[in-house]
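Position 1 is the first residue of the sequence; numbering continues from there. Side chains are part of it too, since the values below use all heavy atoms of this structure and drop only hydrogens, waters and symmetry mates.
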Amino acid sequence: MKTPDGGSSIMDMFEKGKVLKICAPMVRYSKLAFRSLVRKYNCDICFTPMIVASDFMRSVKARDSEFTTNEHDRPLIVQFAAHDAQTLADAACVVAPFSDGVDLNCGCPQRWAMSAGYGACLINKPELVKDMVRHVRNQVDNPNYTASIKIRIHKDLRQTVDLCQKAESAGVSWITVHGRTSEERHQPVHYDAIKTIKDSVSIPVIANGDIKYLRDVESTHKLTGVDGVMAARGLLANPAMFTGYEDTPLECIWDWVDISLEQGTPFTCFHHHLIYMLERVSSQPERKVFNSLSSTSAVIDYLQNTYGPAHELGT
């Protein structure tokens, strides 16, 4: 299937010289409805939330609940947690007809993931990562289908460079680098490390970490020379961030309401996204009231009474 810009692969998008803007994989949040929203506001590529490949292959119920998409949800990358090459390749073959690539999570620092052999512990297993990438490349019957990895960095950057070069030799399509170690949470992003990795491979590199405004896209590109940037919390706070809005515009809030109603988004998810979107534009007393609302109709009434209906935009 062709990507929306008429090319035959996501890789064509990298060749155009622009810095790609990407929605990160976010557990519970980067689901179809939210991806539909950010695509309206200059997001080039979206990732699904991380899916555990072994659960996905074991259960039809897991497949149906973890992976939903539609014909407009492209380009789409499905991110898996895996520590077994064949399981990852099997999962990739299942989602390949409905997506543009798979990504192996080598960056999740949560204890449950690392103790199960997933996520950031994989940055210390370059041979296994190579094997997993190679299995996907060899078994998905579509030469344009991508296999990428998302990593964190080591304290000793030479290990990270070695991992990236080994992954490149196995045929990895691109690498997303979260510029922190697996122990770091809110410390400053190591842009110098991302630049070193970018300079050490010939495949595209995506920078991740602390992208909160459109200006951060350009400044990160200037500092590192990367081919794209990936945002998580910045997009949760403002899904229109990639269009240059400093805060979530009212139009975007009402777009979210429309998309959620159309797709049947569960109330908790619908409400949580709005809590994030309104955080920077509402006072603490307003947030207290909004956060306590417990039905979709109450939320819509509140939005209309507080901010005005969508048709009053710009008045």
*Of the non-hydrogen atoms in Ile211 and Val217, which two are nearest, and what is the gap between them?*
CG2-CG2, 4.1 Å
Show every donor-acceptor pair shorter than 3.5 Å between a side-chain atom in residues 118-127 and any protein atom, with sequence neighbours excluded, or say none if there are none.
residue: Tyr118; atom: OH; partner: Ser54; partner atom: OG; Å: 3.4
residue: Asn124; atom: OD1; partner: His154; partner atom: NE2; Å: 3.2

*Would you confirm whether Arg287, through its side chain, and Glu279, through its main-chain N or O, come within 3.5 Å as a donor-acceptor pair?*
yes
*Checking Arg152 side chain against Ser182 main chain: does a donor-acceptor pair fall under 3.5 Å?*
no
*asked:* We want to know whether Thr306 and Glu286 form a side-chain donor-acceptor pair, criterion being a heavy-atom distance below 3.5 angstrom.
replied: no
*Residue pair Lys155, Thr181: steps toward the side chain to side chain contact (heavy atoms under 4.5 Å, CB included) verdict*: CA-CA 7 Å; Lys155 285 196 178 79; Thr181 67; 4.2 Å; yes
*Would you say the side-chain atoms of Ser260 pair up with the backbone N or O of Phe270, donor to acceptor, closer than 3.5 Å?*
no
_Check against side-chain hydrogen bond (donor to acceptor under 3.5 Å, both in side chains), Arg35 and Thr48_ = CA-CA 8 Å; Arg35 298 195 300 266; Thr48 68; 5.5 Å; no
_Hydrophobic cluster membership, with links at side-chain heavy-atom distances under 4.5 Å among I/L/V/M/F/W/Y: are Met50 and Met26 in one?_
no
*asked:* As a quick check of understanding, evaluate side chain to side chain contact (heavy atoms under 4.5 Å, CB included) for Val102 and Val140, giving each step before the final call.
replied: CA-CA 10 Å; Val102 291; Val140 174; over 6 Å; no
*Taking it one step at a time, do Asp210 and Arg180 satisfy salt bridge (Lys or Arg N to Asp or Glu O under 4.0 Å)?*
CA-CA 11 Å; Asp210 285 359; Arg180 294 182 173 99; 2.9 Å; yes
*asked:* Whether Arg158 and Asp162 form a salt bridge (side-chain N of Lys/Arg under 4.0 Å from carboxylate O of Asp/Glu) is what I want to check.
replied: no
*Look only at the side chain of Gln165 and the backbone of Ser200, and say whether a donor-acceptor pair between them is shorter than 3.5 Å.*
yes
_Tell me whether the rings of His273 and Phe34 are parallel (<30°), tilted (30 to 60°) or perpendicular (>60°)._
parallel
*asked:* Measuring from atom OH of Tyr145 to atom OG of Ser9, what distance do you get when rounded to the nearest 0.5 angstrom?
replied: 11.5 Å
*Asp156, CG: over 12 other non-hydrogen atoms inside 6.0 angstrom*: yes
_Distance, nearest 0.5 Å, that separates NZ of Lys150 from CD1 of Ile206_ = 11.0 Å
_Other residues, nucleotides, ligands: >12 heavy atoms within 6.0 Å of Phe98 CZ_ = no
*Looking at Asp44 and Arg39, does any basic side-chain N land under 4.0 Å from a carboxylate oxygen?*
no
_Any donor-acceptor N or O pair under 3.5 Å, side chains Thr176, Asn208_ = no
*Val129 and its side-chain contact (heavy atoms from CB on, under 4.5 Å) partner, picked from Val172, Ile151, Ile149*: Ile149
*Under 3.5 Å, side chain of Asp247 to main-chain N/O of Val281, donor-acceptor pair present?*
no
*If you round to the nearest 0.5 Å, how far is CG of Asp103 from CD1 of Ile45?*
11.0 Å
*Got a donor-acceptor contact below 3.5 angstrom from the His271 side chain to the Ser295 backbone?*
no
_Rounded to the nearest 0.5 Å, what separates atom CD1 in Ile77 from atom CD in Gln79?_
10.5 Å
*Please work out whether the ring planes of Tyr245 and Tyr41 are parallel, tilted or perpendicular, with thresholds of 30° and 60°.*
perpendicular
*Answer yes or no: is there an ion pair linking Glu251 with Lys40, defined by an N-O contact shorter than 4.0 Å?*
no
_Considering all heavy atoms, the nearest Ala237-Thr248 contact_ = O-OG1, 2.7 Å
*Decide side chain to side chain contact (heavy atoms under 4.5 Å, CB included) for Tyr213 and Asn238; before the verdict, give the C-alpha distance in whole Å, the side-chain angles of both, and the deciding distance to 0.1 Å.*
CA-CA 9 Å; Tyr213 300 96; Asn238 177 10; 5.9 Å; no
_Closest non-hydrogen atom pair between Ala147 and Val136, with its separation_ = CB-CG1, 3.9 Å
*May I ask you to say whether Lys198 pairs ionically with Asp227, meaning some side-chain N is under 4.0 Å from a carboxylate O?*
yes
*Step by step, would you call Trp174 with Ile10 a side chain to side chain contact (heavy atoms under 4.5 Å, CB included)?*
CA-CA 10 Å; Trp174 78 81; Ile10 280 192; 3.8 Å; yes
_If only side-chain N and O atoms count, and only distance matters, is there a donor-acceptor pair under 3.5 Å linking Arg74 with Thr69?_
no
*Just how far is it from atom CZ of Arg185 to atom CD of Glu183, taken to the nearest 0.5 Å?*
8.0 Å
*Which atoms form the tightest heavy-atom contact between Tyr191 and Thr224, and what is the distance?*
O-CG2, 3.5 Å
*Scan for salt bridge (charged side-chain N to carboxylate O under 4.0 Å, His left out) pairs involving residues 48-59, sequence neighbours excluded, and state none if there are none.*
Asp55-Arg58
_Qualifying salt bridge (charged side-chain N to carboxylate O under 4.0 Å, His left out) pairs with a residue from residues 79-89, counting only residues at least two apart or across chains_ = none
*Measure across Pro239 and Cys252 and return the closest heavy-atom pair with its distance rounded to 0.1 Å.*
CB-SG, 3.8 Å
*Distance (rounded to the nearest 0.5 Å) between Gln263 CD and Cys269 SG*: 10.0 Å
